[in-house]
Visitor: 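There's a structure below that I have some questions on.
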Amino acid sequence: MSERTPAPYGPRSVYGYAMYIGSNMLLLLYLVWAFIPDEFLHKKLGLTYWPSKYWAVALPIWILTAIAVFAFAIYPAINMTLTPDIDDIRTITDEYCLKKKKRIHGGIPPVSDIPITEVCRKLYLQED
């Protein structure tokens, strides 16, 4: 299929089902590794090599820590570096901006673009 669409079709459903089965098998394997004692795995099942049980706890904690650092530090830092400066040409309004209109007292204000200077005045300047 040449067009990109989120709609289901044959190969996508097969791959999705295979990923579902594979992820469930990996979860089952992880739970066996994490909770069943090594003696039982060695003597009863004949499985002689498994990573240390330390990694059953440490690996998920490391992964969650990496996700938290990315979500709370790296991702916001990337967004801040991509935000244009206040005097950048991309922050100036163009012909498509919606100018402020008069509003009825007590009513819902009409949709309009807020000028960057007004935003900065409200956010950063102290009121007298």
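For this chain, numbers begin at 1 and follow the sequence in order. These numbers come from a predicted model, not from an experiment.
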Visitor: Restricting to non-hydrogen atoms, name the atom on A56 and the atom on A34 that form the minimum distance, rounded to 0.1 Å.
Guide: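 The answer is CB-CB, 3.8 Å.
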Visitor: Which distance, rounded to the nearest 0.5 Å, do you find between the CG of L29 and the CG of N24?
Guide: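 So the gap between those two atoms works out to 12.5 Å.
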Visitor: If you round to the nearest 0.5 Å, how far is CD1 of I74 from CD1 of I67?
Guide: 12.0 Å
Visitor: Between CZ of R12 and CE of M19, what distance do you get to the nearest 0.5 Å?
Guide: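 The CZ atom of R12 sits 11.5 Å away from the CE atom of M19.
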Visitor: Would one find more than 12 heavy atoms of other residues, nucleotides or ligands at under 6.0 Å from atom CD1 of I108?
Guide: no
Visitor: Counting only heavy atoms not in K53, do more than 12 sit closer than 6.0 Å to its NZ atom?
Guide: yes
Visitor: Could you see if V57 belongs to whatever hydrophobic cluster contains I63? Use Ile, Leu, Val, Met, Phe, Trp, Tyr and a side-chain cutoff under 4.5 Å.
Guide: no
Visitor: Answer with yes or no whether the hydrophobic clustering places L27 together with W33; edges join I, L, V, M, F, W, Y residues whose side-chain heavy atoms lie under 4.5 Å apart.
Guide: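 Yes.
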Visitor: Are L28 and Y20 grouped together when hydrophobic residues (ILVMFWY) are joined by side-chain heavy atoms under 4.5 angstrom apart?
Guide: no
Visitor: Can you measure from NZ (K43) to OG1 (T48) and round to the nearest 0.5 angstrom?
Guide: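 If I round to the nearest 0.5 Å, the distance is 14.0 Å.
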Visitor: Over all heavy atoms of both residues, which pair between S112 and K100 is shortest? Give the atoms and the distance, please.
Guide: OG-CG, 3.6 Å
Visitor: Side chain to side chain contact (heavy atoms under 4.5 Å, CB included) between L47 and H42: does it pass, once the steps are laid out?
Guide: CA-CA 5 Å; L47 301 172; H42 291 295; 6.0 Å; no
Visitor: What orientation do Y75 and F70 show, parallel under 30°, tilted 30 to 60°, or perpendicular over 60°?
Guide: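 The rings of Y75 and F70 sit tilted, inter-plane angle from 30° to 60°.
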Visitor: Any donor-acceptor pair under 3.5 Å linking the side chain of K44 with the backbone of E39?
Guide: no
Visitor: Roughly how far, to the nearest 0.5 Å, is the CG atom of L98 from the CD1 atom of I114?
Guide: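 It comes to 11.5 Å.
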Visitor: Just by distance, do the side chain of W50 and the backbone of D38 share a donor-acceptor pair under 3.5 Å?
Guide: no
Visitor: Around atom CD1 of I104, are there more than 12 heavy atoms of other residues, nucleotides or ligands at under 6.0 Å?
Guide: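 No - once you tally the heavy atoms of other residues, nucleotides and ligands closer than 6.0 Å, there are 12 at most.
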Visitor: How far apart are the C-alpha atoms of L31 and I36, what are their side-chain angles, what is the distance that settles it, and do they pass the side chain to side chain contact (heavy atoms under 4.5 Å, CB included) test?
Guide: CA-CA 8 Å; L31 293 175; I36 294 182; over 6 Å; no
Visitor: Do you reckon F35 sits in the same ILVMFWY cluster as L45, going by side-chain contacts under 4.5 Å, direct or chained?
Guide: yes
Visitor: What about the rings of W62 and W55, do their centers lie closer together than 6.0 Å?
Guide: yes
Visitor: Could you tell me the separation between the CG atom of L59 and the OH atom of Y54, rounded to the nearest 0.5 Å?
Guide: 10.0 Å
